[in-house]
Amino acid sequence: MASIRWGRVAGWAVLVLVMVATLFPFYWMLRTSFSSTRSLAAGAGDLLPVDFTLGAYRRVLGLSSTAEAVAEGGSTGTVDFWLYLRNSIVVATTVTTGQVFFSSMAAYAFARLRWPGREAVFTIFVTALMVPPIFTTLPNFVLIKDLGLLNTYLGIVLPHLLMTPFAVFFLRQFFLGINASVEEAARLDGAGHVRTFFRIILPMSKGPISTLAILVYITSWNDYFWPLLVGKAENVRVLTVALGVFRSQTPQGSPDWAGLMAATLFAALPMIVLFALLGRRVIDSIGYTGVK
Amino acid sequence: MKRSLIIAGVATLLLSGCGADPEGGSGSATIDYWLWDAAQQPQYQQCADAFHKANPQYTVKITQYGWDDYWNTLTTAFVSGTAPDVFTSHLSRYPDLASQGQLLPITDLVTRDKVDLSAYQDGLADLWVTRDGQRYGLPKDFDTVAVIYNTDKLKEAGIKPEEMSELTWNPQDGGTYEKVIARLTVDRNGKRGDEPGFDKNHVATYGLGLNTSGAGFGQTEWSMYTMSNGWQYADRNPWPSRFNYADPKFKETIKWLTSLIDKGYVPSMDIISSGVGQIDTYGAGKYAMVTEGSWNTKTYWALKGVKSALAPTPIGPTGKRASLFNGLADNISAGTDNPDAAWAWVKFLASPACQQDIVAKQAVIFPAIKSATVEAEKAFADTGIDVKPFTMHVKDGTTHLAPISDHWADITTIMTETMDSIFSFKSDINALDPANDKINALFQ
Amino acid sequence: MTSDTVRATPRLTAGAVPDKSPPRRRRLGDLPIAIVFVLPAAVGFAVFYVWPALRGVYLSLTKYNVLTPPRFIGLENYRQLFGDHLFWNALKVTAEYVVLNIGTQTVISVLLAVLLHRLTRSMVVRGIVLLPYLVANVVVALVWFWMLDFQIGVVNQVIEWLGFDRVAFFGADLGIGTIAMINTWRHMGYTALLIFAGLLMIPPSVYEAAAIDGASEWRTFWRVTLPLLRPIMALVMVLSVIGSFQVFDTVAVTTGGGPINATRVIYFYIYDLAFNRFNFGYAAALSSVLFVLLAGIAYLQLRLSRAGESDLKGS
């Protein structure tokens, strides 16, 4: 008995340690963002903000003049937060909606319709899952460039808008599990495949579809590489890219750490808020994909 | 139905992103302008405002990228169609861009608008002409190198300011220059670098700071030593055909400089490559002196809690001092939507209206226009900065041109790797031999 | 789709499951309507997967700077590749990264999952460990870059207080390890939750039996839990490895490949060649080689995971 107790204590100790290690960087982000960049070197170990100031936030949001920013040792770059937030939302929402919708259509055809060549086509789709993205990224960049879609929303979302092998795959698996009798009943009522798909299959698959949507949304929101290549222009710049740009706007000497942390906080915040709202749903989603 | 609603929604979202070009209309344009030095951004913003006032149809939007990312950001921008219309350019960098056809030549425009090239400091304007006779920029400034030191630290070390202008240097024992550096170095127990018991692993203040390993350029890191040791970057400048990084004079100089790292007088690569740059480390009192370019001077004077003074770079084995003489200009992207606007802005940046009336007065850099240079020296003096250690190089003729060469991006890649490796003691000094061979192979 | 989602695939690679619905029509079956349903995805697949793959192979045989049309040069890029020490270095660095990242991530995640399983069902705890995963790589990278800074990073501050010498986390020796740890930090909670879900599937009776046999917690873990987890672990790992090879964001915003190429991973090298040095053709050749390499690894791993699956059925 006693040994088990000690085991539990040790277990909890490790768990608490992990949670501290997880949360501390977020605190440090906050603490640094309220500090003054010039004073950070002197107070590197202070647990509270050094020389408390909102300067970093003012700089990042473009509320302070160039001269002020330079005087504070800050970056003169700004993050047009609302614009980039809008861009991130547009991109992630479009990709998620399109990808989930079109992939579910394809998944339905692969799972519930009978047609010659079905298995062959599906196998080709499956194979693509193993292709490293970089292999298609460079030619896709050239394609988007040739189409004149560089620095447009369309250029950013297109490659992931119509399908990903994973999404097709994931949904097909669930559609396969739906009991045929449900569909039969609908058919007897005279419903066609289109109607069956929209009225029966989609509503029945709310769980897996929202799981997929959450995952796609997170991935799309956090993506950096692709939007960096095709969407660096300000009117379509998403938050991750904006953060990378802000990082390279290092003033002479040292990075503007306070400004940078304020900017990272802005970039992280929308997802954290979403998580706070959807908490349980997101956590369940992860487990869901794991076992199903 | 539902589906058509979704599709309509998606379409609306997507279309709102396309064709959102804010420009257009009768001749009005926004000029995208890039520079890398944040400290210079305020005065060029003033120039931009003045320019807009004089040409209300044009607006200039300034974006700054740090030096480390500037050139990569620029080349990526050329590929992905986000290049600026006009950008601050560097003598070592523009030949590559010009040969790739990324730059708009301004030869005819200069002739057409009768720009007076003799107004600039002698020799500066022609540095921006490539071998095929095309001109790509008008000079905006020039710079040299000097020593900046912390006056309090100097006093504590018992060194007189007069001594600082008489220092000599050699690659064998480092001369009086190394003695001063050793004296200024203090470990955490208060022992100085030239005292017995000095702990080189726990240094509180380094006698001499360092910015980077200098890659193939070393402007403020080692060029003042190598060139006062009689070394030149290449067989000729501009447009060299062979580089000299394997030259014994270069090797012994670098070996000497890295020996200071080993002795604990100069910070290690781990320290200098961290997220605090030379200026802020100096500001925190961790460096007693640094070698710096004239463009950063004012930033040092603006540091709180540190009092600084200038000294000339040391006299080398040649019996002379040495400094690189470098200058910047603005280049126009070949792909600019609005060449007229871009040229108007470049011309304005190179005119007295910007250089003399605005930039010179801020005492940050030396403008390229002769009369503006005088103005800037006055402005520096008014701020309490005696810039003689910078300007004496020009008066004494101890300046050397910055290398103007093809393949500079490749040279930088090779030399960054090699020099970083030597400075962090991962490679022997002789790693310069294969590196130099590789560089020379680029020119065959 | 990028790494993260792919990492979540388990189980789905098992191949096509036979259609359970009864035959309705003869000959073409539902072909017309199936075409309508598959068309958008098929177009996406053809245009953004198949076509670029073919084009990638073609580009790898050319000299191409994106700004002027490609020029066919045969296998020259591949020949160059063999003598390119930066390419071999990039492979080595990437391999180091993958081993360190996958190694630590797997061990920590299993530990974490077991702890979660044995100690608590709290959503708050699970939410906290998942938090880093929701934040972009770029954000995570920057925060750690700051905390681990040699001079003013808080971690080094603490190390110094404890009386040790400062550590150059982003130096030439530790750089790639540090980057691997940063990404382990971001992914460990996510991976732990995947494994946790696997643990929930193990019937409690198995543990009861072990307890009756008097097995210790430690012994139960090694003899019961781990073998039963093997299939899900194998699949989580296949996908993690493929994702892990794609490390880019973290390097791009911290070290930029330095110092002395110590963190120049293959993705970053390819990006650098294509976009900073106008060498698209060569970059395409590198991606082709990487593709072949990854396909080989995936094949090997899938075989291993199959072995794992039979193991589960046996128990």
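Chain letters run A, B, ... following the sequence lines, proteins first, then strands; residues in each count from 1.
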Rounded to the nearest 0.5 Å, what separation is found between the [atom1] atom of [X] and the [atom2] atom of [Y]?
{"X": "B:Glu417", "Y": "C:His85", "atom1": "CD", "atom2": "NE2", "value": "4.0 Å"}
{"X": "B:Ser274", "Y": "C:Phe170", "atom1": "OG", "atom2": "CZ", "value": "11.0 Å"}
{"X": "B:Thr75", "Y": "C:Phe278", "atom1": "OG1", "atom2": "CZ", "value": "5.0 Å"}
{"X": "C:Gln151", "Y": "B:Ser273", "atom1": "CD", "atom2": "OG", "value": "9.0 Å"}
{"X": "B:Met269", "Y": "C:Phe150", "atom1": "CE", "atom2": "CZ", "value": "12.5 Å"}

Less than 4.5 Å apart, side chain to side chain, heavy atoms only: is that true for C:Asn65 and B:Gln100?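 Answer no - side chains too far apart.
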
Under 4.5 Å heavy-atom distance to chain C, tell me which part of B:Ser213 shows up: side chain, backbone, both or neither.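 For B:Ser213, neither part sits under 4.5 Å from chain C.
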
Less than 4.5 Å to any heavy atom of chain C: does that hold for the side chain of B:Thr413, its backbone, both, or neither?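 The side chain, not the backbone.
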
If I measure from the heavy atoms of chain B, does [X] come under 4.5 Å with its side chain, its backbone, both, or neither?
{"X": "C:Phe169", "answer": "neither"}
{"X": "C:Phe145", "answer": "neither"}
{"X": "C:Arg277", "answer": "side chain"}

Crowded around B:Lys263 NZ? As in, over 12 foreign heavy atoms under 6.0 Å?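 Yes, the 6.0 Å shell around NZ holds more than 12 heavy atoms from other groups.
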
Using a 4.5 angstrom heavy-atom cutoff, name the option from B:Asp69, B:Thr73, B:Asp270 with the most pairs to chain C.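 Most heavy-atom pairs within the cutoff with chain C belong to B:Asp270.
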
Hey, which of B:Asp96, B:Asn201, B:Thr76, B:Thr416 has the most heavy atom pairs under 4.5 Å with chain C?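 Ranked by heavy-atom pairs under 4.5 Å with chain C, first place is B:Thr76.
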
Would B:Lys426 and C:Asp173 satisfy salt bridge (Lys or Arg N to Asp or Glu O under 4.0 Å), going step by step from the backbone distance to the final call? CA-CA 10 Å; B:Lys426 300 251 173 230; C:Asp173 299 320; 2.6 Å; yes

If you take all heavy atoms of B:Ser424 and C:Ile260, which pair is closest and at what distance?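 The answer is OG-CD1, 3.3 Å.
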
